[in-house]
Amino acid sequence: MKKIIFTDKAPAPIGPYNQAVLVDNTLYTSGQIALNPVTMELVLDDIETETKQVMENMKAVLEAADMTFDNVVKTTIFIMNMGDFSRINTVYGSYFDEATAPARETVQVACLPKNVNVEISMTAVK
């Protein structure tokens with residue numbers, strides 16, 4: 001049975017989807033972009049600040065499911081410019097223990113919602 005996960009500490013969905021869905025012990029998150037959950041304004045000061053907002057949004061979704069980044073087993077990072085990879089990776093990596101970091105793929109795309117530079121989704125297991 002699936003359980004819908006929602007928190008007001010992350011941006012509310014802006015379409016026909018949910019922030020995350022928990023099935024048994026597995027959490028599937030929707031992609032997060034750098035929307036400030038209070039103002040619903042984009043945080044695009046620089047790629048590091050943008051990535052940090054994405055990760056903080058994801059942290060809030062994980063917490064709403066009683067999980068942490070330690071529970072994450074797989075991530076997908078979508079980026080507009082592969083030239084930003086190392087700067088995104090530095091911020092992203094600060095949220096994980098490298099020895100137990102999740103599996104991941106990083107993909108450069110032609111366009112992302114609201115023309116942001118990075119979007120991240122995760123799968124986590126209790």
Side-chain angles (χ1 to χ4, degrees):
M1 178 184 282
K2 72 179 182 179
K3 176 183 177 186
I4 302 304
I5 302 299
F6 176 81
T7 178
D8 61 3
K9 295 178 181 173
I14 54 176
Y17 63 91
N18 289 290
Q19 292 168 330
V21 176
L22 182 65
V23 179
D24 296 321
N25 291 324
T26 304
L27 182 72
Y28 302 92
T29 73
S30 292
Q32 286 290 324
I33 61 175
L35 280 171
N36 177 308
V38 175
T39 66
M40 289 300 285
E41 297 290 325
L42 288 170
V43 178
L44 302 175
D45 302 337
D46 55 53
I47 195 65
E48 290 86 359
T49 304
E50 183 176 352
T51 304
K52 181 174 177 165
Q53 183 66 58
V54 170
M55 294 300 287
E56 288 298 312
N57 291 345
M58 194 58 70
K59 180 179 177 182
V61 172
L62 290 167
E63 288 175 349
D66 296 320
M67 294 190 192
T68 69
F69 287 108
D70 289 338
N71 295 100
V72 176
V73 296
K74 178 76 170 26
T75 65
T76 302
I77 302 176
F78 301 97
I79 62 176
M80 288 290 297
N81 180 354
M82 198 56 79
D84 289 333
F85 174 77
S86 65
R87 294 164 60 201
I88 292 167
N89 195 52
T90 297
V91 175
Y92 167 92
S94 71
Y95 286 83
F96 294 101
D97 175 351
E98 192 169 327
T100 59
R104 176 184 83 187
E105 67 253 334
T106 302
V107 182
Q108 181 173 322
V109 296
C111 189
L112 287 167
K114 296 189 174 279
N115 295 312
V116 298
N117 299 296
V118 61
E119 179 175 3
I120 300 174
S121 64
M122 298 183 177
T123 302
V125 178
K126 282 189 180 183

Derivation of the side-chain contact (heavy atoms from CB on, under 4.5 Å) call for Val116 and Leu42: CA-CA 8 Å; Val116 298; Leu42 288 170; 3.6 Å; yes
Nearest 0.5 Å, please: how far is OG in Ser121 from CD in Gln32? 10.0 Å
Would you name the heavy atoms of Pro37 and Ala10 that are closest together and state the gap between them? CB-C, 3.4 Å
If you compare all heavy atoms of Pro13 against all heavy atoms of Gln19, which two are closest, and at what distance to 0.1 Å? CG-N, 4.0 Å
Nearest-0.5 Å distance, CD1 of residue Ile79 to CD1 of residue Ile47: 8.0 Å
Is there a donor-acceptor pair under 3.5 Å between the side chain of Glu119 and the backbone N or O of Phe78? no
Verdict with reasoning, Val118 to Asp84, per side-chain contact (heavy atoms from CB on, under 4.5 Å): CA-CA 9 Å; Val118 61; Asp84 289 333; over 6 Å; no
Any side-chain to backbone donor/acceptor pair from Gln53 onto Ile33? Under 3.5 Å, distance only. no
Answer yes or no: does atom NZ of Lys3 have more than 12 heavy-atom neighbours from other residues, nucleotides or ligands under 6.0 Å? no
When you compare the side chain of Ile14 with that of Lys114, does any pair of heavy atoms fall below 4.5 Å? yes
Tell me the closest heavy-atom pair linking Ala20 and Val61, and the distance in Å. CB-CG1, 3.6 Å
Evaluate the side-chain contact (heavy atoms from CB on, under 4.5 Å) criterion for residues Tyr95 and Glu56: first the C-alpha distance (whole Å), next the side-chain angles of each, then the deciding distance (0.1 Å), finally the verdict. CA-CA 9 Å; Tyr95 286 83; Glu56 288 298 312; 2.7 Å; yes
With rounding to the nearest 0.5 Å, note down the distance linking CD1 in Ile88 to OG1 in Thr51. 4.5 Å
Kindly indicate whether the side chain of Ile77, heavy atoms from C-beta on, has any atom under 4.5 Å from the side chain of Val107. no
Rounded to the nearest 0.5 Å, what's the gap from CE on Met67 to CG on Asn25? Could you check? 7.0 Å
Are any non-hydrogen side-chain atoms of Thr26 and Asp24 less than 4.5 angstrom apart? no
In the structure I gave you, are the side-chain heavy atoms of Met55 and Phe69 within less than 4.5 Å of one another anywhere? yes
Under the salt bridge (Lys or Arg N to Asp or Glu O under 4.0 Å) rule, collect the residues that match up with Glu48, sequence neighbours excluded. Arg87
Could you check if a side-chain atom of Val91 sits within less than 4.5 angstrom of a side-chain atom of Glu50, using non-hydrogen atoms only? no
If you round to the nearest 0.5 Å, how far is CG of Leu27 from CG of Leu22? 6.0 Å
Side chains of Glu105 and Thr76: is there a donor and an acceptor less than 3.5 Å apart? yes
Determine yes or no for a side-chain-to-main-chain donor-acceptor pair under 3.5 angstrom, with Asn57 supplying the side chain and Leu35 the backbone. yes
Is the cationic atom of Arg104 (NZ for Lys, CZ for Arg) positioned less than 6.0 Å from the six-membered ring centroid of Tyr92 and within 45 degrees of its normal? yes
Ignoring hydrogens and angles, tell me if any N or O in the side chain of Thr29 forms a donor-acceptor pair with the backbone of Met122 under 3.5 Å. yes
Go through it in stages, so that I can follow the logic: the residues are Phe6 and Asn18, the test is side-chain contact (heavy atoms from CB on, under 4.5 Å), and I'd like the CA-CA distance, side-chain angles, deciding distance and then a yes or no. CA-CA 7 Å; Phe6 176 81; Asn18 289 290; over 6 Å; no
